[in-house]
Number of protein chains: 2
Amino acid sequence: MSDEREKLEIEAAKLVTALENEDFEGFRYMFLEQHPYDQAKIFVKLEQEERTKLYHYLSPEEMAALFENIEDEEYNYEMYLSEMDPRFASQMLEHMYADDAVDVLNELNKDQVASYLTIMDDEAAQEIRELLHYEEFTAGSIMTTEFIAIIANQTVKSAMHILKHEAPDAETIYYLYVIDEDKHLVGVISLRDLIVSDDDLMIGEIMSERVFSVSVGEDQEDVARKMRDYNFLALPVVDFQNHLLGIITVDDIVDVIDEEASDDYSKLAAVSDVDSIDRGPLSAAKKRLPWLVILLFLGMLTANLIGQFEETLDKVAILAVFIPLIAGMAGNTGTQALAVAVRRIAMGDLEEGGNLKIIAREAGTGIINGAVCGFLVIGVVYFWKHDFFLGLLVGISILATLTVATIAGAFVPLVMHRLKVDPAVASGPFITTINDIISILIYFGMATLFMQYLI
Amino acid sequence: MSDEREKLEIEAAKLVTALENEDFEGFRYMFLEQHPYDQAKIFVKLEQEERTKLYHYLSPEEMAALFENIEDEEYNYEMYLSEMDPRFASQMLEHMYADDAVDVLNELNKDQVASYLTIMDDEAAQEIRELLHYEEFTAGSIMTTEFIAIIANQTVKSAMHILKHEAPDAETIYYLYVIDEDKHLVGVISLRDLIVSDDDLMIGEIMSERVFSVSVGEDQEDVARKMRDYNFLALPVVDFQNHLLGIITVDDIVDVIDEEASDDYSKLAAVSDVDSIDRGPLSAAKKRLPWLVILLFLGMLTANLIGQFEETLDKVAILAVFIPLIAGMAGNTGTQALAVAVRRIAMGDLEEGGNLKIIAREAGTGIINGAVCGFLVIGVVYFWKHDFFLGLLVGISILATLTVATIAGAFVPLVMHRLKVDPAVASGPFITTINDIISILIYFGMATLFMQYLI
């Protein structure tokens with residue numbers, strides 16, 4: 001990778017020089033050679049003065065291709081747009097794929113959006129306005145309206161003709177969607193099938209009437225799952241009356257899968273977003289501190305709880321030695337159970353009436369793991385401290401703790417899912433702290449109960 | 001989702017009835033209506049007797065489409081193949097996309113592979129044999145050889161003619177790769193560009209000579225990243241002399257992204273594989289127990305360490321109260337830093353000479369978080385226990401612990417990455433246990449040092 005990064009840096013340096021020398025021809029030649037993704041990578045590293053020159057060197061259309069590929073997590077869209085001439089900016093938005101333009105406009109305030117839409121071509125403005133309505137994380141929010149729709153009552157030849165005409169604007173040309181006069185989705189034909197078919201065949205004869213579609217309000221994660229399972233390159237989006245509204249292409253789905261996975265990952269580790277760039281310690285601290293403070297107060301509860309057993313501790317100080325071990329094991333097994341449950345829920349892999357079954361399985365898993373770890377502990381403590389009763393106490397605590405903690409690890413996300421809360425917010429550290437409390441109750445409870453054997 | 005699942009179950013029940021009644025026509029009609037992904041889902045739920053009938057009802061080609069879609073994580077490929085007539089089985093493998101056939105054959109032993117390849121058509125066997133050589137997780141292991149390659153010195157019309165001819169067998173027809181007489185990759189043209197171009201233009205004139213390709217030994221994660229960033233539907237795979245060997249299609253990349261993400265997730269939670277199905281408590285315990293036992297012995301180290309401070313504890317039992325709080329906070333901040341570092345590494349987002357920068361940033365983050373949490377703790381302990389020195393001890397321990405633990409959380413994966421070990425194996429629970437030890441050393445070390453103020 002570093003080889004490629006170096007190459008890109010050399011190109012970037014050359015381009016900056018061309019901008020500084022106002023070498024219009026040279027700049028355009030080198031810049032347009034780059035893939036738009038690389039253009040965007042170079043663009044976001046430019047100084048404002050250089051950017052301003054660049055806006056004059058590129059057409060709105062060329063700028064649109066670049067803008068679609070900006071992955072700046074700081075979302076400087078507003079700044080970039082304000083640097084452009086408003087007419088240039090709205091022409092650029094017009095040339096962008098509608099779903100990408102909507103992503104940009106979503107970062108602006110209402111007045112700004114309205115003013116750009118006003119200057120824009122009416123048709124483009126209308127398309128964007130409709131897409132702006134859809135809620136985040138739904139199929140509607142990631143779909144685009146640049147698809148190719150044809151009617152069934154025409155030949156392959158005429159469909160190919162339409163295709164050639166619309167190809168430059170469509171986001172994908174690899175599926176053609178067949179609609180009736182009321183714009184209901186009635187069929188689909190892949191470009192592959194179209195190409196191998198005889199010119200004189202009718203679309204109605206060769207199209208597939210079994211169209212997979214998703215509804216406009218469907219969760220983007222469900223859409224991603226379908227696309228992955230069925231290996232589609234695009235999926236049509238319909239409303240409740242089966243009117244074709246747009247399509248979702250596989251490149252957007254790749255981003256969704258990536259985002260959702262790293263979202264689950266961030267939450268398991270109790271960070272707001274592992275994938276956004278930390279510019280410095282302050283921005284990193286800002287993302288992690290809220291979690292830490294919550295966990296600190298939960299930890300205080302634990303401390304308070306142990307405080308209740310101060311008398312026991314005063315008598316048998318050795319008990320303290322095993323606190324981190326028992327609490328730690330409870331945390332570990334809880335995190336494991338949590339992760340399995342969260343992924344199962346995310347993958348939509350919950351069996352029918354499965355919650356009880358999952359809890360039962362986790363209880364079984366906890367007992368097995370608890371028994372194995374418990375026996376190991378009894379042995380180790382016996383050889384180390386030559387105290388059978390202490391070993392027994394710690395071992396039985398581990399057995400009981402691991403069983404309860406494993407159940408808790410699965411139970412919490414399942415309940416959250418039932419309550420329609422994203423189960424992933426039950427992070428690892430959160431469940432670990434809950435399980436700290438459970439484990440200390442069990443351990444000190446038993447110690448206090450069987451005190452006479454320990455002194 | 002449950003609606004669709006119900007529908008599928010009804011279909012499955014009908015199909016089983018058709019199999020039982022030996023209703024050949026009815027079965028084929030209903031079964032072939034299904035998407036191969038659904039066919040596979042139904043297939044894996046059948047009993048052996050039903051499967052045996054099914055093999056006789058489908059052609060090797062139809063069976064191949066189904067087999068490509070089996071996602072059974074138990075990998076029963078060997079069982080299914082052994083149930084089939086060997087000739088039928090190898091014909092089926094022949095009809096599968098080479099990369100999928102290789103996935104299946106990788107689950108068999110060498111003798112079985114050799115015997116299927118012997119019955120197979122020579123050309124197909126040769127292709128599969130070559131693919132079997134590539135190491136797991138490289139571009140070679142996920143590429144397929146069913147691509148369309150053309151020469152530059154021909155017209156658009158003649159290229160379209162080749163395309164029509166080869167379309168039924170190619171895994172994707174949406175890119176045509178241009179090669180010279182020595183099979184070097186020299187250009188690429190998308191079907192979109194081909195379709196909108198004039199019939200009489202030469203391929204050499206309209207192809208793009210800037211071809212993105214990956215080398216056959218490249219890590220599949222790097223390939224996935226490229227595909228995602230540049231929004232390709234397929235990428236050509238070349239050897240060191242730039243000979244075109246195969247292509248990787250976006251559907252395989254979607255699977256890679258999914259796998260790698262859930263792999264990182266599993267490791268953060270210290271489970272071997274969250275996404276494979278747990279059939280019962282025993283199989284779940286088997287996946288989690290190895291981690292738990294390792295962590296148990298690490299926990300014993302912690303216990304032993306506290307044991308060293310037994311004298312201190314005997315004098316000031318109240319110290320024990322804050323052990324879980326301090327150890328827990330160290331674990332939490334370490335997990336956060338770990339997750340950020342692991343994702344950064346996985347995304348290839350490490351800046352040049354960035355390791356020191358990352359460590360410095362984490363140190364800063366740790367100090368900020370430690371200072372905030374430390375001050376909070378001093379306040380809370382003072383109001384709760386009315387003991388300023390105890391509060392100060394705990395507060396300063398939190399500050400020191402959080403700083404060190406945050407650095408450790410980032411340091412461990414960075415070192416592992418440098419040593420070419422997958423940094424994700426430094427799981428959350430592992431770093432938590434390490435940080436337990438660090439935090440106890442700091443806490444009890446300070447307590448022993450300042451003992452006179454505490455009694």
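Reckoned from all heavy atoms, side chains included, excluding hydrogens, waters and symmetry mates. Order of the sequence lines fixes the chain letters, A, B, ..., with proteins taken first and strands second; residue numbering starts at 1 for each chain.
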Practice problem: Classify the angle between the aromatic ring planes of Phe212(A) and His35(B) as parallel (below 30°), tilted (30 to 60°) or perpendicular (above 60°). | Solution: perpendicular
Quiz prompt | Choice from Asp255(B), Leu325(B), Leu319(B), Ile318(B) maximising heavy atom contacts with chain A below 4.5 Å | solution = Leu325(B)
Quiz item: Hey, does Arg288(B) have a side-chain heavy atom less than 4.5 Å from the side chain of Asn332(A)?
Solution: no
Quiz item: Heavy-atom distance under 4.5 Å to chain B: side chain of Thr333(A), backbone, both or neither?
Solution: both
Practice problem: Measure Pro168(A) against the heavy atoms of chain B and call it side chain, backbone, both or neither at under 4.5 Å. | Solution: both
Quiz prompt | Minimal non-hydrogen separation, Val254(B) against Val250(A), with atom names | solution = CG2-CG2, 4.3 Å
Quiz item: Taking every heavy-atom pair that is under 4.5 Å apart, which of Ala40(A), Ser208(A), Ser197(A), Ala337(A) has the most such pairs with chain B?
Solution: Ala337(A)
Quiz prompt | Leading residue by heavy atom contact count with chain B [cutoff under 4.5 Å; candidates Ile173(A), Thr249(A), Ile253(A)] | solution = Ile173(A)
Quiz prompt | chain A contacts, top residue of Glu310(B), Met300(B), His165(B), Met227(B) (heavy-atom pairs, under 4.5 Å) | solution = Met300(B)
Self-check item: Options Ala224(B), Ala285(B), Ala327(B), Ala360(B), ranked by heavy-atom pairs under 4.5 Å with chain A, top entry
Solution: Ala285(B)
Quiz item: Taking atom CG of Leu376(A) and atom CG of Leu292(B), what is their separation to the nearest 0.5 Å?
Solution: 11.0 Å
Self-check item: Contacting moiety of Lys385(B), where chain A heavy atoms sit under 4.5 Å
Solution: side chain
Quiz item: Taking Val381(A), Ile367(A), Leu402(A), Val377(A) one by one, which has the highest count of heavy-atom pairs under 4.5 Å against chain B?
Solution: Val377(A)
Self-check item: Which portion of Ile440(A) sits near chain B, non-hydrogen atoms under 4.5 angstrom
Solution: side chain
Quiz item: What are the two closest heavy atoms between Ala167(A) and Val196(B), and how far apart are they?
Solution: CB-CG1, 3.6 Å
Practice problem: Give, as side chain, backbone, both or neither, the part of Met160(B) having an atom under 4.5 angstrom from any heavy atom of chain A. | Solution: side chain
Practice problem: Using non-hydrogen atoms and a 4.5 Å limit, figure out which bit of Ile323(B) sits close to chain A: side chain, backbone, both or neither. | Solution: side chain
Quiz item: Which of the residues Asp436(A), Leu298(A), Thr433(A), Val380(A) is involved in the greatest number of heavy-atom pairs with chain B at under 4.5 angstrom?
Solution: Val380(A)
Exercise. Compare all side-chain heavy atoms of Lys286(B) with those of Ile368(A) and state whether any distance is below 4.5 angstrom.
Key: no
Quiz prompt | Region of Phe309(A) in contact with chain B, defined by heavy-atom distances below 4.5 Å | solution = neither
Quiz prompt | Rounded distance [0.5 Å steps], CG in Leu296(B) versus CD1 in Ile398(A) | solution = 6.0 Å
Quiz prompt | Closest contact, heavy atoms only, Ile306(B) versus Ala320(A) | solution = CD1-O, 4.0 Å
Quiz prompt | Salt-bridge criterion met for Arg228(A) and Asp258(B) (N-O under 4.0 Å) | solution = yes
Self-check item: Top of Thr335(A), Ile195(A), Leu191(A) for chain B proximity - count of heavy-atom pairs under 4.5 angstrom
Solution: Ile195(A)
Quiz item: So Tyr37(A) and Asn231(B), side chain to side chain donor-acceptor pair (under 3.5 Å) or not? Walk me through it.
Solution: CA-CA 9 Å; Tyr37(A) 177 76; Asn231(B) 286 341; over 6 Å; no
Self-check item: Under 4.5 Å from any heavy atom of chain A - which part of Leu301(B)
Solution: neither
Quiz item: Between CG of Asp314(A) and CG of Asp314(B), what distance do you get to the nearest 0.5 Å?
Solution: 9.0 Å
Quiz prompt | Sub-4.5 Å side-chain heavy-atom contact between Asp38(A) and Tyr230(B) | solution = yes
Exercise. Name the region of Ala363(A), side chain, backbone, both or neither, that has any atom closer than 4.5 Å to a heavy atom of chain B.
Key: neither
Quiz item: Which region of Gln34(A), side chain (C-beta onward) or backbone (N, CA, C, O), has a non-hydrogen atom less than 4.5 Å from a non-hydrogen atom of chain B, or is it both or neither?
Solution: both
Quiz item: What are the two closest heavy atoms between Cys373(A) and Leu289(B), and how far apart are they?
Solution: SG-CD1, 4.3 Å
Exercise. Let me know if Asp193(A) has heavy atoms under 4.5 Å from chain B in its side chain, its backbone, both or neither.
Key: neither
Quiz item: Between Thr406(B) and chain A, which part of the residue has a heavy atom less than 4.5 Å away: side chain, backbone, both or neither?
Solution: side chain
Quiz item: Can you name the nearest heavy-atom pair linking Pro324(B) to Thr302(A), along with the distance?
Solution: CB-CG2, 4.0 Å
Practice problem: Select, from Leu295(B), Thr432(B), Ile257(B), the one with the greatest count of heavy-atom pairs under 4.5 Å involving chain A. | Solution: Leu295(B)
Practice problem: Decide yes or no for Trp384(B) and Asn304(A): does some side-chain heavy atom of the first lie under 4.5 Å from some side-chain heavy atom of the second? | Solution: yes
Practice problem: Looking only at non-hydrogen atoms, find the nearest pair between Leu313(A) and Ala317(B) and report the distance. | Solution: CD1-O, 4.1 Å
Exercise. Please determine if Arg192(A) and Glu171(B) form a salt bridge, counting it only when a charged side-chain N lies under 4.0 Å from a carboxylate O.
Key: no
Quiz prompt | Side chain proximity check, Asp251(A) to Phe232(B), heavy atoms < 4.5 angstrom | solution = no
Quiz item: For chain A, which of Asp229(B), Ile326(B), Asp252(B) has the most heavy-atom pairs under 4.5 Å?
Solution: Asp229(B)
Quiz item: Of the backbone (N, CA, C, O) and the side chain (C-beta and beyond), which part of Leu305(A) lies under 4.5 Å from a heavy atom of chain B, both, or neither?
Solution: neither
Quiz item: Which one, Ala170(A), Gly328(A), Gly366(A), leads in non-hydrogen pairs under 4.5 Å with chain B?
Solution: Ala170(A)
